[in-house]
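Notes follow once the structure below has been shown.
Start at 1 with the first residue, then count along the sequence. All values below were derived from every heavy atom in this structure, side-chain atoms included, with hydrogens, water molecules and symmetry-related copies excluded.
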Amino acid sequence: MTATIPDLGRSIDHGPFRTNYHDVGTGEETVLLIHGSGPGVTAYANWRLVVPRLAERFRVIAPDVAGFGYTEVDGGRIPDRATWIDHIVSFLDALGVDRVSVIGNSFGGALSLWLATTVPERVDRLVLMGSVGVPFELTEGLDAVWGYEPSLAGMERLLEYFVHDRSLLPADLGRIRYEASMAPGAQERWAALFPAPRQRWIDEFAVALPELQALSQPTLLVHGRDDQVIPMATSLTLLDAIDDATLHVYPRTGHWVQIERAAEFSALVEEFLTR
């Protein structure tokens with residue numbers, strides 16, 4: 001039965017982790033995709049529309065981050081910043097991958113920044129999409145996402161926050177994400193990740209300004225102008241702080257740029273990573 005679940009890819013044990021991941025393409029350069037923190041999220045759910053295009057040019061690796069999806073952590077402990085960094089670094093070590101370009105979405109953007117500032121020798125280029133990683137005031141949308149309690153109606157409401165035009169999404173996406181959020185143990189893990197008061201998590205995930213200013217990696221910032229989850233001001237802050245940064249803003253687009261603008265986003269990223 002599990003073979004029919006597209007979210008399930010390969011599995012690798014490393015340290016306290018058993019990571020579920022997708023590894024596609026055979027390009028000389030490797031791109032690491034780090035998903036966001038929505039309920040029911042997996043690497044496949046987040047990146048399924050862009051992986052095929054990027055895999056034509058690169059080796060694309062997309063793991064379920066510790067605490068999310070089908071990745072397991074010994075003892076079921078709740079991850080924190082140090083755990084998330086250790087998870088990704090040891091995952092790359094286990095695959096024998098020394099250096100990657102990183103594409104991070106939302107929470108995954110913060111994790112991408114942590115990697116770039118903690119192990120800069122491992123990160124070639126950065127793409128940060130609707131990224132966390134700088135201080136901002138908790139939005140209604142993010143509070144709703146992190147405070148999600150399982151119900152089909154609740155998941156449908158969240159989709160309204162994630163995109164500018166719900167009609168562009170598959171009609172059954174709410175049901176699919178709701179069912180994923182109800183997998184055994186998923187809600188218990190989710191409720192423990194970002195308990196209220198939630199402003200503290202935004203502040204804890206922020207990278208200090210001197211560290212941002214010291215970044216040397218070329219960085220592409222991408223944001224939907226109508227993002228209700230992470231305000232566009234975060235990308236403007238990052239643009240001001242990071243020396244080699246470029247910002248691309250999509251109009252009539254919400255938080256899920258990689259879904260609402262899949263083809264355009266993939267082309268933009270490919271051009272950035274190969275120039």
Side-chain angles (χ1 to χ4, degrees), residues 3 5-15 17-36 41-66 68-72 84-129 131 215-222 244 246 248 256-259 261-275:
I5 301 175
D7 306 73
L8 286 172
R10 307 183 188 189
S11 181
I12 189 169
D13 294 315
H14 53 108
F17 310 103
R18 171 169 287 183
T19 297
N20 176 61
Y21 70 104
H22 303 265
D23 191 343
V24 186
T26 58
E28 293 184 6
E29 297 179 34
T30 302
V31 177
L32 173 68
L33 306 181
I34 306 182
H35 61 72
V41 72
T42 63
Y44 176 83
N46 204 122
W47 301 113
R48 67 190 184 280
L49 299 182
V50 303
V51 165
R53 168 68 182 268
L54 295 179
E56 293 176 3
R57 190 73 177 264
F58 311 99
R59 178 186 180 186
V60 180
I61 301 172
D64 289 356
V65 176
F68 301 93
Y70 293 91
T71 288
E72 301 174 14
W84 280 314
I85 295 172
D86 180 47
H87 174 236
I88 296 300
V89 172
S90 64
F91 169 67
L92 293 176
D93 288 343
L95 293 182
V97 176
D98 294 326
R99 191 171 175 87
V100 293
S101 289
V102 187
I103 305 176
N105 169 217
S106 196
F107 158 79
L111 181 44
S112 301
L113 285 168
W114 302 340
L115 292 172
T117 54
T118 304
V119 286
E121 70 280 3
R122 307 293 294 268
V123 178
D124 186 23
R125 290 174 179 249
L126 282 171
V127 179
L128 307 174
M129 182 179 61
S131 182
L215 281 174
S216 60
Q217 293 92 344
T219 301
L220 173 63
L221 306 167
V222 180
D244 191 357
T246 302
H248 190 99
W256 279 351
V257 172
Q258 82 282 11
I259 292 175
R261 299 279 188 165
E264 296 164 83
F265 173 74
S266 299
L268 177 70
V269 168
E270 181 180 354
E271 191 277 332
F272 170 73
L273 295 179
T274 54
R275 70 187 183 197

With heavy-atom distances below 4.5 Å as the criterion, would you say the side chains of Ile61 and Leu95 are in contact?
yes
Minimum heavy-atom separation for Ser106 to Gly36, with atom names?
CB-CA, 4.2 Å
What is the minimum heavy-atom distance between Thr42 and Gly69, and which atoms define it?
CG2-CA, 3.9 Å
Where does the angle between the aromatic ring planes of His22 and Tyr44 fall among parallel (under 30°), tilted (30 to 60°) and perpendicular (over 60°)?
tilted
How would you list, by chain and number, every residue that makes a side-chain contact (heavy atoms from CB on, under 4.5 Å) with Thr274, sequence neighbours excluded?
Arg57, Phe58
Spacing of Ser101 atom OG and Leu33 atom CG [to the nearest 0.5 Å]:
10.5 Å
According to side-chain contact (heavy atoms from CB on, under 4.5 Å), who are the partners of Ser112, at least two apart in sequence or on a separate chain?
Ile34, Val102, Leu126, Leu128
Give the intermediate values and the outcome of side chain to side chain contact (heavy atoms under 4.5 Å, CB included) for residues Ile103 and Phe265.
CA-CA 11 Å; Ile103 305 176; Phe265 173 74; 4.0 Å; yes
The single option from Val123, Leu113, Asp124 passing side chain to side chain contact (heavy atoms under 4.5 Å, CB included) against Gln217
Val123
Between CZ on residue Arg261 and CE on residue Met129, distance to nearest 0.5 Å
13.0 Å
Taking Gln258 for its side chain and Asn46 for its backbone only, find out whether a donor-acceptor pair lies under 3.5 Å.
yes
What do you reckon, is CD of Glu28 surrounded by more than 12 foreign heavy atoms closer than 6.0 Å?
no
Just do the side chain to side chain contact (heavy atoms under 4.5 Å, CB included) check on His87 and His14 with the steps written out, would you?
CA-CA 8 Å; His87 174 236; His14 53 108; 3.5 Å; yes
Val89 side chain near Leu115 side chain, heavy-atom distance below 4.5 Å:
yes
Flag side-chain contact, heavy atom, 4.5 Å: Tyr70 against Ile5:
yes
Should Glu121 and Val119 be marked as a side chain to side chain contact (heavy atoms under 4.5 Å, CB included) after you check the CA-CA gap, both sets of side-chain angles, and the distance that decides it?
CA-CA 5 Å; Glu121 70 280 3; Val119 286; 3.9 Å; yes
Let me confirm one number: the CZ-CG distance from Arg122 to Leu92, rounded to the nearest 0.5 Å.
5.5 Å
For Arg18, does the CZ atom have more than 12 heavy-atom neighbours from other residues, nucleotides or ligands under 6.0 Å away?
no
Of the non-hydrogen atoms in Asp23 and Tyr21, which two are nearest, and what is the gap between them?
CB-CE1, 3.7 Å
Between His35 (side chain only) and Asp64 (backbone N and O only), is there a donor and an acceptor less than 3.5 Å apart?
no
Apply side chain to side chain contact (heavy atoms under 4.5 Å, CB included) to the pair Arg48 and Ile259, showing each step before the final yes or no.
CA-CA 9 Å; Arg48 67 190 184 280; Ile259 292 175; 4.3 Å; yes
Any side-chain heavy-atom pair of Pro63 and Leu32 under 4.5 Å
yes
Can you tell me how far apart CD1 (Ile88) and CG (Asp86) are? Round to the nearest 0.5 Å.
10.0 Å
Donor-acceptor under 3.5 Å (Arg10 side chain, Asn20 main chain):
no
Could you give the distance from CG (Leu220) to CG (Leu268), rounded to the nearest 0.5 Å?
5.0 Å
Working to the nearest 0.5 angstrom, can you tell me the gap between Leu111 CG and Phe107 CZ?
5.5 Å
Nearest heavy-atom contact between Ala262 and Leu49 is CB-CB, 3.8 Å
Closest non-hydrogen atom pair between Ile12 and Ala94, with its separation
CD1-CB, 3.6 Å
